[in-house]
Structure formats: structure tokens, C-alpha cells
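Data block below; observations after.
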Amino acid sequence: MSSFSQVVPTSFKATVDSLISAKPKTYFGIDQAIGSKVNDTLLMLYFADVAGEKKYLYGQTYALNQMGRRYRYISQFDRALALHEKALEVAKEAKSLEFEVYSLNMIGVVYRKIDAIKLALDYTQKAFDLADSVKNKSKGIKKSITVSLNNIGNIYQTMEQYDLALEKFRESLIIEEELGSKLGMAINNQNIGECLEAQGDLNGALKKYKTSLAYNEEIDSEMGRIICDNSIAKIFIKQDRPEQALEILDRALTVAKELKNQEVISGTYVNLGWGLMQLKRYDEAEKNLQEGLQLAMNYNLPSTISQANELLSELAIKKEDYKSALEYYKKARHFDDEISSDRNIRYVYDILLRHNTNKQSQGYEEEIRKTNQKTDTILLITGIALALLAGIFYILYRQYQLKNEKKLLTLEQSMLRSQMNPHFLFNSLNSIKLYIINNEQKNAVHYLNKFSKLVRKILEASSLREIPLAEELETVELYMNIENIRFSNEINFTITVADDINVHQVKIPSLILQPFLENALWHGLSSKNDEKKINLNITKDDKGFMHISIIDNGVGRKAAEKIKESKVLKRKSVGIAITKERLANFSKDYQNSFDIEIIDLYHDDDTSAGTQVILHIPTI
């Protein structure tokens, strides 16, 4: 401490001595005495050291967290994380639930900033549960609850669950208004605006951004102003008003550099590049996008990296540099998938569902406790007996449910493996690679777009039991487009849907058609030399069935079997067997059961005309 204590003002030393003497135990008690000095990391370091020496643990954890918060603002996330973790240790040592919750929230915010969604949720949910368990909530605990709610809202926002995010932001905003926190009101209005913008309500978003800006003006928050300026500028760009956007962003960039917040600086450069691209000032646009990208790479900001690469890909297409467009596009998808991977999203849903279930369970227990206090011994015994009986039935039912869930999960995993098999992936990418080698950039970008969309759709659909028919048809059309590359685009694939079927309302099991199409391709058409056709027809009847017919004009099953026997490497149609199991499981919820009909087609001269597969799927 002696190495820097001489540069600490005497007045601040007196403030620290006074705090150590009075020993306030709450966040607001300390915060009122510290005031604006909270943003000076040197003074907070002095406070942390002195408080640590004097065993004033409340002051030490407060100072460590404020230092971590400042380092987070300038995008030094590793240092911020280390300080918040140290603050958490001190809070536990002090047995201060309020500071423990505050520290957990701050750790969650740092992890969210670097897009580590799983860890962000773990810490935030723990903070919320601890704070919510307090019966008589202090001002500090209420403040911590608003931070947790806001952070959970941000996690929902990352998952693109905007309605759920809005619900959390509005809950947080209500408590912030109750506490009179203009900073909290500014932050939540900003977040609400971001969700509205993502939902396409640009005018509603702009109104919320301006509300947030007004609060930031009141509290004279430069950082808040810059964030709002960037958001307002993005709305202007989307509304085709790039000149107004650039005017705001030029000013924001200057202030952001003064504050040294690398996350905001990087994002501002990217937005500047976006606006300049709209004005067709391509060289300036590229310079700003590259500047923003480099900063995002240096400070590990995956969201900004993804956005910058996506805009650079778009810019390269405008400049007809298709090779660069392809490279930037691949990088954007890589970071985009890293942020919102299927595993992270499933994990988040699991934790949030578990949390809601626990809260309901606690509510039931409390209700039972209150009821039992009013009942006599006979009713109590009867209630316990009924509860035990219900518990036994629940355990038996849950075991049955878990067995079915395990079977369903196994089927889903098998289905995903069958549709994302290495053979298909390798050949698809190899075909795209040939376009690149042959300098056919437009075709390469076109098919890579389709391939990435197909992979994403398969991954998304694999976690769902059923999806709209429209989604399934879009997926199989992408699949056929990709496979058709290897057939030199010789396959004529058509989809016909009856007029009385609403493809957006009808639900079917996810990913059930691809195995049958794959079978038609590789067993029916791959050995055929002349015209190749696959027709997919969908109809329904008045008996509660939808009929999906897949007709190919291939060599037929008998010829296909002979050809298969002569091959050294034989393709196994495991996907169809898995699909049958999944259809059987799907049909359990309906009055009717599924059926699959395979018909050999013949010409008038008894030669094979192909194969027809009909799926009879129940709708009632």
C-alpha cells in the first residue's frame, strides 16, 4: 500500500478511516460515503487494501467489486473476473448475503459480456435464488434482484427468446422505479428497446432508446449516452437514414475512445462501417469494419466478431469479391454458432425450467404448511396419507415418463447421426470445394449458404418433438438442393401440397422425410442414366390422416437390391428404421396410428417404373 498511498488525497483517506470506524454493512451504506470516487480504480485499490488490513470485510468486498466493474467497462474481462471472484470469497468470509449476491451478479455479467452463456446463467441464477430467499428484503437485496432479472433477460435475449426477455426486463424496471434508480431505469429501457428492435418494432425501439438516453442525460452518464447513440444510429441505418446515423456515430466514437471501453469502440466502428456501406462508400466502410473486427478479436467479443464478419461478407459481395465473401461468411457462422450453440441453449432451458419447477414446489410446500396449521390431527393424518399415496403414484408415473424420455432421446440422437452422417457432410463440402477450385465463386457462396442453413435447421429441429410442416418442407428442399450438386443438378424434385392443407399449422415429427428421400436418391436414382425425378405429394382425408407420398422413377427395389449386393461398400438405410420408431412414438398421442406403405411401380410392359413410399400420419 505504501507504494501508492502518497498519491491518495487526504480527504479520501479520511473517508476510508471514517468507514472503517463506522463499519456499515450494506452496499448503499458504503456507496453513499464513497460517492463519485467509486469510478477511480486507484482509490478503490487503496480502500480494498486498507479494509483488508483492518478486517473490514464489507468494505473490502465492495471495493474489489467496484474495481472489477471498472475493468469490465474497459473490456479487461480477465482482470474484472479475478476481482469479482476475490470479492465473492471475502463476502462469504464476512457471511454477508447481500455482498455475496452482488458479487455473483457481477461475475454473471462478465461471463455474459464474453458470451459464456452457461456460466453467466449459473452465477446469475444462484444470485437470484439467494436474494429471493430473503423474506424482509433490504434496499440492497432488491437492487441485486433487479440486476439478476436484467441479466437473465439478457441471456434470454441472446437466445432470441425476446418475449421472455421483455418480461424479465419489465420486472426489473418496476423494481428500479420503486427504488428510484435512474441508472437502472436507463439500462432496462435500453434492453427493452433492443428486444423490440429484434422483433421488428423499430419505432417502439427508438422510443425506448430515447427514454433511456433521457435518463442517462439526467445522471450525466457518458457511457450510457454512447450506448444509446449507437442504438439510435442502428435504427436510422435500418430506416435508410445513414447520414443521420453517421453524424451520431462520429460523435460517439470520439467519446468512446476517451472512456477506453473497447467493446463500445469496436461496436461503434462496425456500425460506422455499416452506415458507410449503405452510402456506397465501400473503402471507408471496409476500413471501419476491419478496425472494429480487430478490436473485437483482441478483446474476445464474439458477437461483434460475428457481426463484423457478416457485414464484411456483404461488402465483399457488393465489390464482387466472392472469394473474400465466402471466407468472411464462414467466419461469421463460426462465431455465431459458438455464441448460440445448441448445447448451450438446451442447458439454459434446462436450468430455467428446473428453477421454475423448484419455485412452484416451494409454493406448494408453503401452502400445505399453512393448511396444516388450521387442521386437526385426523385431517393431518389423512393429508399425509394422501400425500404419500400421491407421492408413490408420482414416482411410478415419473419412472414411466423417464423411461419414455430416455427412449425418445436415444431416437433423437440416432436420428441426428443418421442425417448428419460424415459421408453426407464430406461429400457436400467436397462438392462446394470443387466450385471454389473451379473459380465458380457465386455457386460456392450460393451452395455454402444452403449447406449452412440445412445444418442449422437439422440441429434446431433435432431438439423438437414436432415442427410445422412448412419447416420440414423447407429443410428437405435444402437437402435436395445440396444432394443435387452431386447429381450434376439432373434431378427434377417437386413438392405439391393440397389446397386444404395449411403447412404452417399442421404439425409433424421433425426430420422424418429426409431418410426416405435419401433412400430414393441412393438406391433408386444413383444407378439410373436417363431422366431422374422425385415427386413429393401431400394430401389429407376426412378420416384423420395426412398422406405424404414420395415417388421416384428409379430402377426399383429389386434392381437396387442386386446393385447393392454387387457393391463392396453397402449403404445401410438405418434412418428409415429410426423414423418408424419415432412415428410410432409420435402416434401414441393420437387416436389413430401411423402406417408406411411401399409400392413398386411398373410400366405397361412390366418393367420397373420406380418406387412410391406413402406415409399415413395421424392428425387426430
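With a 4.5 Å cut-off on side-chain heavy atoms, Lys142 and Val134 do not count as touching. Taking the side chain as every heavy atom from C-beta outward, His84 and Leu64 never approach each other to under 4.5 Å.
Ion pairing of Glu310 with Lys331 is absent here, as no side-chain N (NZ or NE/NH1/NH2) approaches a carboxylate O to less than 4.0 Å. With respect to Glu222 and Arg225, a salt bridge is recorded, a charged nitrogen being found less than 4.0 Å from a carboxylate O.
Checked by atom type, the side-chain pair Glu167/Tyr156 shows no donor-acceptor distance below 3.5 Å. Using modelled atom types, one finds no donor on one side chain facing an acceptor on the other under 3.5 Å when comparing Arg170 with Asn188.
Under the salt bridge (charged side-chain N to carboxylate O under 4.0 Å, His left out) rule, Glu176 has a single partner from Lys143, Lys182, Lys139, which is Lys143. Exactly one residue among Leu295, Asn309, Val270 makes a side-chain contact (heavy atoms from CB on, under 4.5 Å) with Thr304. That residue is Val270. The one candidate from Leu43, Val50, Leu45 that meets the side-chain contact (heavy atoms from CB on, under 4.5 Å) condition with Val8 is Leu43.
Using a 30° and 60° split on the angle between ring planes, Tyr56 and Tyr58 fall in the tilted class, from 30° to 60°. The aromatic rings of Tyr27 and Tyr62 are tilted relative to each other, their planes meeting at an angle between 30° and 60°.
The two residues Asn230 and Leu249 make their nearest non-hydrogen contact at OD1-CD2, 3.3 Å.
With sequence neighbours excluded, no residue forms a side-chain hydrogen bond (donor to acceptor under 3.5 Å, both in side chains) with Thr26.
The backbone N or O of Phe128 lies less than 3.5 Å from no partner atom in the side chain of Asp132, so there is not a single donor-acceptor pair.
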